[in-house]
Amino acid sequence: MVKIELTAKDQAILTLLSKCRYATTKQIVVLYFQDSEHSRTAFRRANLLLTKLKNLQLINHLERRIGGVRAGSGSFVWHITAKGLKALNRPHRFKNKYEPTAHHLEHTLAVTQAYVFLKLLEEAGKIRLEKFDFEPICHRTYATFSVKRIFLKPDSFTQLVLGEYEDSYFLEVDMATESLNRVVNQCKKYIAYYQTDIEQRELDGVFPLILWVVPDEKRKEAISRKLENELNNFHPMFQVLILEEFSEWIGGRTDE
């Protein structure tokens with residue numbers, strides 16, 4: 001059996017896909033090919049490398065494309081294969097035997113995009129990204145007073161340094177497909193987890209801010225109003241943002 005020799009960039013892309021599950025060609029270009037002189041060159045280099053990894057059966061792309069076939073090869077959505085996980089010496093935790101639903105894919109790519117935004121802020125020198133945990137690494141468990149075990153499943157957890165401060169966040173991506181009551185119930189899980197003091201013991205007394213990332217202003221206003229009405233004094237634990245506001249909001253916190 002011939003051993004596959006991987007470059008540092010090969011390994012970086014495989015590692016990303018092993019963590020985030022799905023990423024578009026465009027997201028991979030932004031993360032790993034910004035040193036190209038022109039965007040067309042960046043996409044060409046990315047396509048060559050991704051095709052190489054695909055031919056080695058380390059990654060594959062979905063049949064569905066973001067933006068449709070007319071969007072070209074930049075619209076491919078990539079995922080790692082069992083062989084790719086083996087090349088990284090990682091366990092094969094999940095299967096990509098079936099195409100994900102459009103909703104699941106959109107949700108997962110939005111989480112990947114949040115990671116891309118943070119890496120761009122880091123490259124711009126505005127933050128230092130200490131940690132970004134995708135699912136399931138970011139999940140938490142805790143017990144209530146009735147000794148019932150509760151599973152808290154954020155979409156990601158991140159720690160970053162801004163100036164003299166270290167901030168931490170739980171990220172919840174909302175695609176406006178869940179009822180507002182479901183959103184509130186998820187928030188109540190965070191409040192119950194906050195009251196256990198588990199996270200604060202890990203983070204020197206600090207509990208992460210929970211960021212709800214939503215698709216548009218209408219949803220942002222609806223969730224913000226619902227949380228303020230339902231969560232009483234706990235609603236400052238939560239911040240609602242549109243995905244396009246994410247970078248500016250995070251980077252702008254250095255002025256606070």
Side-chain angles (χ1 to χ4, degrees), residues 19-21 93 104 107-108 110-112 114-115 117-118 121 127-215 219-243 245-247 249-256:
K19 293 178 178 179
C20 73
R21 297 291 298 272
R93 298 191 312 270
H104 177 70
H107 181 274
T108 305
V111 178
T112 304
Y115 173 73
F117 284 152
L118 289 175
L121 285 173
I127 68 169
R128 185 171 77 247
L129 187 58
E130 297 287 290
K131 178 185 288 190
F132 191 99
D133 290 337
F134 293 91
E135 294 189 87
I137 304 301
C138 63
H139 292 176
R140 305 290 196 266
T141 60
Y142 61 96
T144 63
F145 290 112
S146 61
V147 200
K148 181 181 179 182
R149 195 178 184 195
I150 304 295
F151 294 88
L152 180 64
K153 297 182 178 181
D155 292 317
S156 70
F157 168 77
T158 185
Q159 287 180 300
L160 48 90
V161 175
L162 301 94
E164 299 178 355
Y165 300 96
E166 183 175 85
D167 288 349
S168 56
Y169 305 96
F170 287 119
L171 180 66
E172 290 281 349
V173 173
D174 170 82
M175 306 309 295
T177 56
E178 302 285 353
S179 71
L180 292 179
N181 286 335
R182 288 284 296 273
V183 172
V184 169
N185 288 338
Q186 179 70 352
C187 291
K188 288 180 178 178
K189 284 187 177 182
Y190 279 107
I191 293 170
Y193 181 54
Y194 163 78
Q195 292 172 326
T196 67
D197 214 34
I198 295 172
E199 198 78 13
Q200 293 92 312
R201 288 196 292 270
E202 293 289 328
L203 298 177
D204 296 325
V206 176
F207 190 82
L209 186 66
I210 299 97
L211 299 181
W212 282 91
V213 179
V214 301
R219 184 68 170 179
K220 175 182 175 180
E221 184 178 343
I223 290 181
S224 298
R225 189 186 309 115
K226 185 73 172 178
L227 298 189
E228 188 170 353
N229 291 338
E230 297 283 342
L231 301 183
N232 300 317
N233 294 332
F234 289 105
H235 75 86
M237 292 174 56
F238 306 90
Q239 176 74 39
V240 188
L241 302 169
I242 300 172
L243 184 60
E245 298 175 326
F246 183 78
S247 294
W249 188 88
I250 292 287
R253 288 179 67 78
T254 54
D255 298 329
E256 296 184 7

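- Atom CG of N181 sits about 7.0 Å away from atom CD of E230, to the nearest 0.5 Å.
- T141 contributes no side-chain N or O that, together with a main-chain N or O of I150, makes up a donor-acceptor pair within less than 3.5 Å.
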Run the numbers on R201 and I198 for side-chain contact (heavy atoms from CB on, under 4.5 Å), then give the verdict. CA-CA 5 Å; R201 288 196 292 270; I198 295 172; 3.7 Å; yes
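- Between V213 and D174, the closest side-chain pair of non-hydrogen atoms is not below 4.5 Å.
- Using a 4.5 Å heavy-atom cutoff, the side chains of K131 and F157 are in contact.
- Closest approach of C187 and L231 over heavy atoms only: CB-CD1, 3.8 Å.
- Note that CD of E202 is 12.5 Å distant from CZ of F207, once rounded to the nearest 0.5 Å.
- H107 places a side-chain N or O within donor-acceptor distance of the main-chain N or O of V173, the cut-off being under 3.5 Å.
- A 4.5 Å side-chain heavy-atom check between Q186 and W212 finds at least one atom pair inside the cut-off.
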Using side-chain contact (heavy atoms from CB on, under 4.5 Å), reason through F170 and L211 one step at a time and then give a plain yes or no. CA-CA 6 Å; F170 287 119; L211 299 181; over 6 Å; no
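- Between the E199 side chain and the Y194 main chain, no donor and acceptor come within less than 3.5 Å of each other.
- The aromatic rings of Y190 and F238 lie perpendicular to each other, with more than 60° between the two planes, well past the 30° mark.
- Contact annotation: the side chain of R219 approaches that of V183 to within less than 4.5 Å [non-hydrogen atoms, C-beta and beyond].
- When every heavy atom of L243 is checked against every heavy atom of A110, the shortest pair comes out as CD1-O, 4.3 Å.
- Side chain of Y142 to backbone of K189: a donor-acceptor contact under 3.5 angstrom is found.
- Side-chain contact check for I223 versus K220: every heavy-atom pair is 4.5 Å or farther apart.
- Side-chain contact check for E135 versus S156: every heavy-atom pair is 4.5 Å or farther apart.
- Between the side chain of R140 and the main chain of C138, a donor-acceptor pair closer than 3.5 Å is present.
- Heavy atoms of other residues, nucleotides or ligands lying less than 6.0 angstrom from CD of Q200 number more than 12.
- Between L171 and A114, the closest heavy-atom pair is CD2-CB, 3.7 Å.
- In this structure, E245 contributes its side chain and I242 its backbone to a donor-acceptor pair below 3.5 Å.
- T158 is not listed as a side-chain neighbour of D133, based on a closest heavy-atom distance of 4.5 Å or more.
- Side chains of L160 and E130 form no contact here, defined as non-hydrogen atoms less than 4.5 Å apart.
- Between P154 and E172 the shortest heavy-atom distance is CA-OE2, 3.5 Å.
- The closest side-chain donor-acceptor pair between Y169 and D167 falls under 3.5 angstrom.
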Do F134 and F132 pass the ring pair (Phe, Tyr, Trp, His ring centres under 6.0 Å) test, and can you show the C-alpha distance, the side-chain angles, and the key distance before you say yes or no? CA-CA 7 Å; F134 293 91; F132 191 99; 4.8 Å; yes
Using side-chain contact (heavy atoms from CB on, under 4.5 Å), reason through L241 and Q239 one step at a time and then give a plain yes or no. CA-CA 7 Å; L241 302 169; Q239 176 74 39; 4.0 Å; yes
I would like to know whether F151 and R149 meet side-chain contact (heavy atoms from CB on, under 4.5 Å); could you show each step before the answer? CA-CA 7 Å; F151 294 88; R149 195 178 184 195; 4.1 Å; yes
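- Closest non-hydrogen pair, I191 versus F234, comes out as CD1-CB, 3.5 Å.
- Residue I210 holds its CD1 atom at 4.0 Å from CE of M237, rounded to the nearest 0.5 Å.
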